[in-house]
There are 2 protein chains.
Amino acid sequence: MDKDALRKTAHAVADAARRAVLPYFRSAGLTADNKLFDGRFDPVTEGDRATELAMRDVLARMRPDDAIIGEEYGVQAGTSGLTWVLDPIDGTRAFMSGTPTWGVLIAVADESGPIYGIIDQPYIGERFEGGLGHAALSGPQGHRDLRVIGDRPLSESILFTTFPEVGSEAEGAAFADVSRHVRLTRFGIDCYAYSLIAAGQIDLVIEAGLAVYDIQAPIAVIEAAGGIVTDWQGGPAHAGGRVVAAGGREQHAEALEILSRIA
Amino acid sequence: MDKDALRKTAHAVADAARRAVLPYFRSAGLTADNKLFDGRFDPVTEGDRATELAMRDVLARMRPDDAIIGEEYGVQAGTSGLTWVLDPIDGTRAFMSGTPTWGVLIAVADESGPIYGIIDQPYIGERFEGGLGHAALSGPQGHRDLRVIGDRPLSESILFTTFPEVGSEAEGAAFADVSRHVRLTRFGIDCYAYSLIAAGQIDLVIEAGLAVYDIQAPIAVIEAAGGIVTDWQGGPAHAGGRVVAAGGREQHAEALEILSRIA
């Protein structure tokens, strides 16, 4: 496997996504469909579709033998054993509200799970990458390595999730139980919160009901920065579902002790 | 009153704040005091204090006769009839979490309230200004005029607030009642949400327990872009407290009809 070629392709995919998506961000007359997902409001914009097509176009040219899984256009089979996992706009509610906390998610996975990932925020011009020997941020303040915060007790931890209700009633109650033990809980920034674990800014992200394309890039970036991502029982999280991501083993273990009690 | 001189000073204050605050953002070893505010966690960083001092230094040189009210260093009397209202870091929880949704707030007020304001996001390099004949955004995608979304029913509106609990139990219940009537509710982005009303992205921000320096700049920017900011009874909001900001009269009136029921 040519690691440099893979990284180069991933950055080319992210660059194409930036060019495709930015004309839609904060544009007048943005068309938002109402795709109902678990009974909740889940707008999908034209930008979502145009961006995934732009990403797939790069892969068709640079990596024609790899498989693709994308949020908008589903699965395309491959022969190389590698799969690109794409979410053109993670955080469509943030996107349609004009908040710069949505992201473009790109992962490369083999049979064991994600081996490399990018979380890109096109409006800010900020890119978090991890895997294949790299863990780095490039953005408006330049380039720096990513490193998680390390072990801290839950009582000193900063916890993020997207919606206060989190998921089902039982999942929401489990989250609320963890939330009662932390120093600070914040809501609403979608995939950007995973970047902040990798950057050593926060301790925990807990979510439920995730899809495979929501979590593979965050797993690669966080693990490369020294962090941990599992499901609520401590098993692999790369298929999605219930996820707990942590910047240290101590806060991860304490959160898991609470979350693992629910079925 | 020399409007150009006032605007020039406001931008110089915002530029000085950017230079002062950015070295603290996402810095290792950030010292966060735990200043308890209404029993909630309210960290104040060294960055907060250093930034307000840098802002006051510009005003001391350029507008020595104006009064100043700042979050960190209180009131300084003046003789001109104009008051600068400064919040060096609005959204200290966002700041300490590394989220780029905190802001530097700068307003100029006369006896009637704010006449000009800036909401600046130094990390993104994004500046929203309004008043003295201007309503504009400059940022990573260049320069554009600000204009609110206009009249929409509550059922089509996007509503933001910072914390799900909003304020007291009664205030939280009133917010939840409005939230049940809107299309989408989002949490957690502090003063950035007011910018999104001015930019025509969202419809409503509802908050309680605000201080004077939290709301004067947002009032100036939103009103200059064609929006409305009042308290929950429809009166002036520039002293802080309970605030409802809107991008149109229709959603403002519908929200007010619900919020005004509480004492």
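So you know, we letter chains A, B, ... as the sequences are listed, proteins then strands, and number each from 1.
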Top of B:P140, B:S195, B:A193 for chain A proximity - count of heavy-atom pairs under 4.5 angstrom: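 Highest number of pairs under 4.5 Å: B:P140.
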
So, A:W102 versus A:F25, ring centres under 6.0 angstrom or not?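 When the ring centroids of A:W102 and A:F25 are compared, they turn out to be within the sub-6.0 Å range.
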
Residue A:E126 versus chain B: region with a heavy atom under 4.5 Å: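 Contact with chain B involves the side chain of A:E126 alone.
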
Side chain, backbone, both or neither: which part of A:A94 has a heavy atom under 4.5 Å from chain B?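 Both parts, heavy atoms under 4.5 Å.
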
Taking C-beta and beyond as the side chain, do [X] and [Y] meet within less than 4.5 Å on heavy atoms?
| X | Y | result |
| --- | --- | --- |
| B:R242 | B:E171 | yes |
| B:T161 | B:F175 | yes |
| A:P100 | B:Y192 | yes |
| B:L259 | B:I206 | yes |
| B:T101 | A:T101 | yes |

Below 4.5 Å from any heavy atom of chain A, which atoms of [X] appear? Answer side chain, backbone, both or neither.
| X | value |
| --- | --- |
| B:L137 | side chain |
| B:Y123 | both |
| B:T162 | side chain |
| B:I149 | neither |

Let's test your reading of the structure: which of A:T185, A:I202, A:L196, A:D203 forms the most heavy-atom pairs below 4.5 Å with chain B?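 Among A:T185, A:I202, A:L196, A:D203, the one with the most close pairs to chain B is A:L196.
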
